[in-house]
Amino acid sequence: MNLISASPRRDRLRIAIQKNGRLSEPARALLGSCGLSWRESPDKLFCYGDNAPVDLLLVRDDDIPGLIDSGLCDLGIVGRNVLCEQASERESANFREWRALGFGLCRLALAVPQEWDWHAPTQLLGKRIATSYPALTRAWLREQKVDAEVVVLNGSVEIAPRLGQADAICDLVSSGATLSANQLKPVCDLLQSEAVLTGPVTELDPELAETAQMLLRRIDGVLRIRDSKLLMFQAPRSAVADVLRLLPDAEAPTSFPMDGGEVLAMQALCHGVVSWQRLEELKRAGARALMVLPVERMLA
Ligand code: PRT
Ligand code: ZN
């Protein structure tokens, strides 16, 4: 049986994620937090979902947009950089970003040798720019109305200027350490990137759409509570306004009266960091019996 055929219509959702690389573990962890689990296959390329009709395909990240485009997979987790590069390579693409996932953060940046006195993109006129993102680089150069040569490399882009292959580079940057180690400096950001959930532009088959909606609701729940805490406390009615002002990015505080109504027991979902310092400020404002609890699951 061919497990990864595109047709006839399937009734199990197929998600493509990176097999080995920076996004593979966080992508699996996210899907695991959504309550999904899989049986690994011997070839470790296809994992059969054993508690929901959701299977995993483990592939190279560059293959993910094409798998969605062709309908072989329904959803994928991939860097926005890969998705945008492949979208700008094609005239039309049946994939788009469904959700930003908040991990794999980086940026696609233009970097030049540290000794360059950088003022403006016009300095790139007639220069060679090495990159693994030729479509995005060319689109940016067109926007800047700069005529420069794009040198396509599939790896080790950052050493291209030292080797004399290029004058500047356009590559992914996260900490900036690789650029510094190669005597380069970032001068312009072309794209802010992170891992995204991708899916088709067109609608999924109804059998799959229902499962995809279930998964999206769970992903939204996981993303909303990722750094959230439930804060519980008591406060005299007279102090409530001051206390609420101090809550870090709180959502829908609820309260109920205690002690004949003079004191309120309250709870609020806080999306910001609830630090010790913040708890001390809340106490000074009149809050008592403060308790910070982790939030495990949430379904809006
Ligand atoms: O084998 P496969 O094709 O699946 O993997 P890959 O080698 O193409 O991708 P991988 O695993 O390296 O990266 C997957 C995704 O992680 C990328 O598409 C980005 O969306 C995201 N990501 C986040 C990064 C980085 N941060 C990153 N820093 N991808 C690559 N880098 C590289 C960058 O190219 C440069 O060489 O790290 C270096 C710079 O890092 P700093 O910290 O020194 O600035
Ligand atoms: Zn890749």
Side-chain angles (χ1 to χ4, degrees), residues 4 14-31 43-47 56-70 72-73 75-90 93 95-114 129-137 139-140 150-163 165-166 168-199 219 223 226:
I4 54 170
R14 228 179 247 165
I15 309 180
I17 65 168
Q18 196 186 20
K19 183 172 194 285
N20 292 309
R22 289 167 202 260
L23 304 184
S24 36
E25 275 319 305
R28 275 175 168 255
L30 172 69
L31 297 172
D43 63 4
K44 301 243 179 348
L45 293 177
F46 186 90
C47 307
L56 275 191
L57 206 62
L58 307 181
V59 295
R60 290 200 55 191
D61 64 350
D62 318 74
D63 294 336
I64 294 175
L67 286 166
I68 308 288
D69 203 36
S70 62
L72 280 167
C73 281
L75 300 176
I77 294 181
V78 67
R80 182 181 293 135
N81 45 298
V82 172
L83 203 64
C84 289
E85 173 68 16
Q86 296 204 17
S88 59
E89 272 171 3
R90 298 162 198 236
F95 54 80
R96 65 174 175 85
E97 181 173 324
W98 279 27
R99 289 290 186 280
L101 300 174
F103 58 86
L105 269 65
C106 59
R107 57 195 214 272
L108 181 66
L110 176 81
V112 301
Q114 278 167 354
I129 305 172
T131 187
S132 312
Y133 295 87
L136 290 174
T137 305
W140 180 80
V150 173
V151 179
V152 185
L153 297 179
N154 287 324
S156 308
V157 170
E158 54 281 335
I159 59 167
R162 273 200 290 163
L163 295 179
Q165 282 174 301
I169 69 165
C170 189
D171 198 12
L172 298 179
V173 181
S174 46
S175 68
T178 306
L179 290 184
S180 306
N182 288 284
Q183 292 97 50
L184 297 168
K185 60 179 178 186
V187 289
C188 229
D189 289 347
L190 277 66
L191 178 79
Q192 296 296 330
S193 186
E194 63 188 277
V196 301
L197 179 76
T198 173
I219 288 178
L223 296 180
R226 185 168 271 176

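The structure displayed is predicted, hence computed values, not measured ones. One-based numbering, in listed order, for ligands and for the atoms of each.
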| Spatial distance of atom CG (Leu179) from atom CD1 (Ile169) [nearest 0.5 Å] |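 If we round to the nearest 0.5 Å, Leu179:CG and Ile169:CD1 are 5.5 Å apart.
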
Which one holds for [X] and ligand 1: side chain close, backbone close, both close, or neither close, with close meaning a heavy atom under 4.0 Å?
X      : result
Val78  : neither
Glu158 : side chain
Val82  : side chain

Give yes if a backbone or side-chain nitrogen or oxygen of [X] is under 3.5 Å from a nitrogen or oxygen of ligand 1, and no if not.
X      : value
Gly176 : yes
Asn81  : yes
Arg80  : no

Nearest neighbour in protein (non-hydrogen) for [atom]:
atom                    : result
atom 1 (O) of ligand 1  : Arg60 NE, 3.5 Å
atom 14 (C) of ligand 1 : Asp61 OD2, 3.6 Å
atom 25 (C) of ligand 1 : Arg22 NH1, 3.6 Å

| request: Would you verify that at least one protein heavy atom lies under 4.0 Å from atom 9 (O) of ligand 1, or report that none does? | output: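 Under the 4.0 Å cut-off, atom 9 (O) of ligand 1 does have protein heavy-atom neighbours.
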
| query | Are Glu194 and ligand 1 in contact, using a heavy-atom cut-off of under 4.0 Å? | reply |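 No, that is not the case, since the closest heavy atom of the residue is not under 4.0 Å from the ligand.
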
| field | Atom name, Asp61 (N, O or S, nearest to the Zn ion (ligand 2)) | value |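 Closest N, O or S atom of Asp61 to the Zn ion (ligand 2): OD1.
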
| query | Do the side chain of Ser193 and the main chain of Asn81 share a donor and acceptor less than 3.5 angstrom apart? | reply |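 Side chain of Ser193 to backbone of Asn81: a pair is present.
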
| Short side-chain to backbone donor-acceptor contact, Gln18 and Leu58, under 3.5 Å |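 Here the side-chain-to-backbone pair does not exist.
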
